[in-house]
Amino acid sequence: MASLSTASRLCLRSASVANPAAVRAAALSTTAMRPAGGAASASYTSPFKGNESKGNKIPDFGKYMSKSSEGSNKLFSYFMVGAMGAMTAAGAKSTVQEFLVNMSASADVLAMAKVEVDLNAIPEGKNVIIKWRGKPVFIRHRTQEEIDQANKVNISSLRDPQSDDDRVKKPEWLVMLGVCTHLGCVPIGEAGDYGGWFCPCHGSHYDISGRIRKGPAPLNLEIPEYDFPEDGKLVVG
């Protein structure tokens with residue numbers, strides 16, 4: 001019995017010496033070795049494969065796919081894209097139009113853009129003050145004497161050289177803004193050293209043509225846009 005156990009030990013030692021890699025692989029392997037044979041290997045399952053469930057299966061979208069042809073699907077897609085594009089363009093146009101309408105001048109502002117004056121109500125030698133765009137406008141019905149006086153002035157002696165003919169469309173009617181060119185005050189009519197307008201704030205004197213003759217004002221009184229559409233009527237603006 002002792003000789004038999006001794007012989008088996010010697011056989012194991014010789015086998016380990018002959019193939020040490022196989023012995024180490026068998027010792028280090030943590031999985032069962034595949035049995036030899038085709039039938040046994042066909043039934044092998046990987047130990048790393050997880051358990052299959054509804055959560056990790058790819059769903060079937062077959063019931064949601066269109067049963068129509070590809071051409072009809074494209075036609076519907078093109079129609080929807082065109083319809084949405086038309087609706088977007090209409091919305092953008094409406095938005096821009098509303099913005100421009102809100103930015104434009106209101107009816108009361110447009111009404112103030114032009115002022116119509118009945119000249120028959122202004123006697124000769126008198127002034128009338130009207131309001132245009134928030135500013136006073138002087139309208140003077142000048143006499144022939146005043147016209148002659150305005151034309152006798154030496155233009156080269158003026159601070160802001162300008163002839164009387166350049167400031168009026170009709171000699172008898174003088175139309176100008178009633179705002180002093182110094183600091184924006186309103187001059188007084190039929191006053192001053194030259195029989196025209198006088199600004200009491202800083203002492204600027206204007207003649208019967210509205211030209212600066214004395215004082216700190218640098219320029220003549222401004223002439224607005226105006227016209228005589230018919231006899232006896234004046235439109236400022």
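- For the atom pair L158 CG and R213 CZ, the distance stands at 5.5 Å (nearest 0.5 Å).
- Taking the side chain as every heavy atom from C-beta outward, K114 and E225 never approach each other to under 4.5 Å.
- Note: Y226 OH to W132 CH2 = 12.5 Å, rounded to the nearest 0.5 Å.
- Put simply, the side chain of R142 reaches to within 4.5 Å of the side chain of D164, judged on heavy atoms.
- Exactly one residue among E146, R140, H141 makes a side chain to side chain contact (heavy atoms under 4.5 Å, CB included) with T143. That residue is E146.
- A continuous path of Ile, Leu, Val, Met, Phe, Trp and Tyr side chains, each step under 4.5 Å between heavy atoms, connects I130 with L119, placing both in one hydrophobic cluster.
- Side-chain contact between V117 and V128 is absent, with no heavy-atom pair separated by less than 4.5 Å.
- Counting non-hydrogen atoms of other residues, nucleotides and ligands closer than 6.0 Å to CD of E230 gives a total above 12.
- Put simply, the side chain of T95 gets close to the backbone of G91: a donor and an acceptor are under 3.5 Å apart.
- Between the side chains of R211 and Q162, not a single donor N or O lies within less than 3.5 Å of an accepting N or O.
- Heavy atoms from other residues, nucleotides or ligands lying under 6.0 Å from CG of D231 number 12 at most.
- The distance from atom CZ of R159 to atom CG of L219, rounded to the nearest 0.5 Å, is 9.5 Å.
- Contact of the I129 side chain with the F138 side chain is registered, since non-hydrogen atoms from C-beta on lie closer than 4.5 Å.
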Give the intermediate values and the outcome of side chain to side chain contact (heavy atoms under 4.5 Å, CB included) for residues I188 and W197. CA-CA 5 Å; I188 300 173; W197 288 263; over 6 Å; no
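- When all heavy atoms of Q144 and E124 are compared, the pair lying nearest together is N-OE2, 4.1 Å.
- The two residues M176 and P224 have their closest heavy-atom pair at CA-CD, 3.5 Å.
- If you take CG on N127 and CD1 on I122, they are separated by 9.0 Å, rounding to the nearest 0.5 Å.
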Quick one, I223 with V168, criterion side chain to side chain contact (heavy atoms under 4.5 Å, CB included). Give me CA distance, side-chain angles, the key distance, then yes/no. CA-CA 9 Å; I223 305 297; V168 295; over 6 Å; no
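- Here the CD1 atom belonging to I212 is positioned 7.5 Å from the CG atom belonging to L221, to the nearest 0.5 angstrom.
- The structure places CD1 of I155 at 11.0 Å from CG of D160, a figure rounded to the nearest 0.5 Å.
- Closest heavy-atom contact between V179 and G184: CG1-CA, 3.6 Å.
- With F228 as the aromatic partner, K169 does not meet the cation-pi criteria of under 6.0 angstrom to the ring centre and within 45 degrees of the ring axis.
- Side-chain contact check for I139 versus W173: some heavy-atom pair is nearer than 4.5 Å.
- One hydrophobic cluster, built from ILVMFWY side chains closer than 4.5 Å, holds both F99 and V96.
- Contact between A217 and T181 at its shortest, heavy atoms only, is CB-OG1, 3.4 Å.
- Looking only at side-chain heavy atoms (C-beta outward), P161 and S156 stay at 4.5 Å or farther from each other.
- Across every non-hydrogen atom of C180 and Y206, the tightest pair is SG-OH, 3.2 Å.
- S209 places no side-chain N or O within 3.5 Å of a backbone atom of A150 that could act as its donor or acceptor partner.
- At most 12 heavy atoms of other shown residues, nucleotides or ligands fall within 6.0 angstrom of atom NZ in K126.
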